[in-house]
Amino acid sequence: MAVNLSVRQVLAPTCSKRFTASLSAPSFPQILELTESLFMQDMDHCAKVLAGLKQRGVQLSLNDFGTGYSSPSYLSRLPFDVVKIDQAFIRGLGVNPYDTALVAAIVSMAGGLGLSVTAEGIED
């Protein structure tokens, strides 16, 4: 199970403490998903919160990669485990040569960085 975290949740002063307290709960998510807009607010604070969560065994996923403020620097500066490719590119696989090339490039880049890849929006 994966749960999305909002900018507001991560920027809250109690974010690390709240999630640390939840880690022992059997229903705690295995993966927390974060969108890139999160890092536009306060990169230093976000890096500290994510590092703390990562130290406690939480997997982190960069959600909707390829849209908005996408920057490969987030992948090298923050402790992500997974890159989730936005469904806008996934829908064009095998149909739109640009989408196919972009997905292949993201998969290759993520693999080179030791990250897993998830494709958003695949229903069957």
Side-chain angles (χ1 to χ4, degrees):
M1 175 171 72
V3 172
N4 287 337
L5 282 183
S6 72
V7 173
R8 196 160 131 202
Q9 288 173 304
V10 174
L11 292 177
T14 59
C15 182
S16 287
K17 186 183 287 186
R18 185 171 357 134
F19 282 104
T20 299
S22 301
L23 282 173
S24 60
S27 62
F28 191 77
Q30 296 175 357
I31 300 176
L32 295 178
E33 294 184 348
L34 305 120
T35 58
E36 296 165 85
S37 61
L38 174 71
F39 316 117
M40 304 308 290
Q41 302 293 321
D42 187 343
M43 178 63 119
D44 292 333
H45 176 75
C46 291
K48 287 177 189 173
V49 170
L50 298 183
L53 291 169
K54 183 77 175 153
Q55 285 179 331
R56 291 166 178 85
V58 176
Q59 289 193 356
L60 302 171
S61 176
L62 182 55
N63 196 11
D64 298 332
F65 190 76
T67 62
Y69 305 103
S70 288
S71 174
S73 70
Y74 297 137
L75 299 176
S76 64
R77 294 175 63 193
L78 298 166
F80 286 106
D81 300 289
V82 179
V83 174
K84 188 172 184 181
I85 303 172
D86 190 77
Q87 67 180 319
F89 302 110
I90 300 304
R91 277 185 255 143
L93 276 175
V95 178
N96 181 325
Y98 295 105
D99 288 343
T100 302
L102 285 169
V103 169
I106 293 169
V107 168
S108 177
M109 177 180 59
L113 294 170
L115 303 172
S116 297
V117 179
T118 299
E120 182 179 61
I122 295 178
E123 305 301 328
D124 45 43

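All residue numbers refer to positions in the sequence shown, counting from 1. These numbers come from the heavy atoms of this one structure, side chains and all, not from hydrogens, waters or symmetry mates.
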Q. Considering residues at least two apart in sequence or located in another chain, which fulfil the side-chain contact (heavy atoms from CB on, under 4.5 Å) criterion with Gln59?
A. Ile31, Asp81
Q: Kindly compute the distance separating CZ (Arg91) from CG (Asp99), expressed to the nearest 0.5 Å.
A: 9.5 Å
Q.
Just to verify, what does Asn96 make a side-chain hydrogen bond (donor to acceptor under 3.5 Å, both in side chains) with, not counting sequence neighbours?
A. none
Q. How many angstroms lie between NZ in Lys84 and CG in Leu34, if you round to the nearest 0.5 Å?
A. 11.5 Å
**Q.** Distance in Å, His45 NE2 paired with Leu50 CG, rounded so as to fall on 0.5 Å steps
**A.** 9.0 Å
Q.
Once side-chain contact (heavy atoms from CB on, under 4.5 Å) is applied, do any residues pair with Ala119, and if so which ones, sequence neighbours excluded?
A. Ile90, Ile122
Q) Quick one: CG on Leu93 to CG on Leu102, what's the gap to the nearest 0.5 Å? A) 10.0 Å
Q: Report yes or no: do Val82 and Val107 belong to one cluster of Ile/Leu/Val/Met/Phe/Trp/Tyr joined by side chain heavy-atom distances under 4.5 Å?
A: no
Q: Could you tell me the separation between the CG atom of Leu62 and the CG atom of Leu115, rounded to the nearest 0.5 Å?
A: 9.0 Å
Q. What is the minimum heavy-atom distance between Ala110 and Val117, and which atoms define it?
A. CB-CG2, 3.5 Å
Q) How would you list, by chain and number, every residue that makes a side-chain contact (heavy atoms from CB on, under 4.5 Å) with Ile106, sequence neighbours excluded? A) Phe65, Val83, Ile85
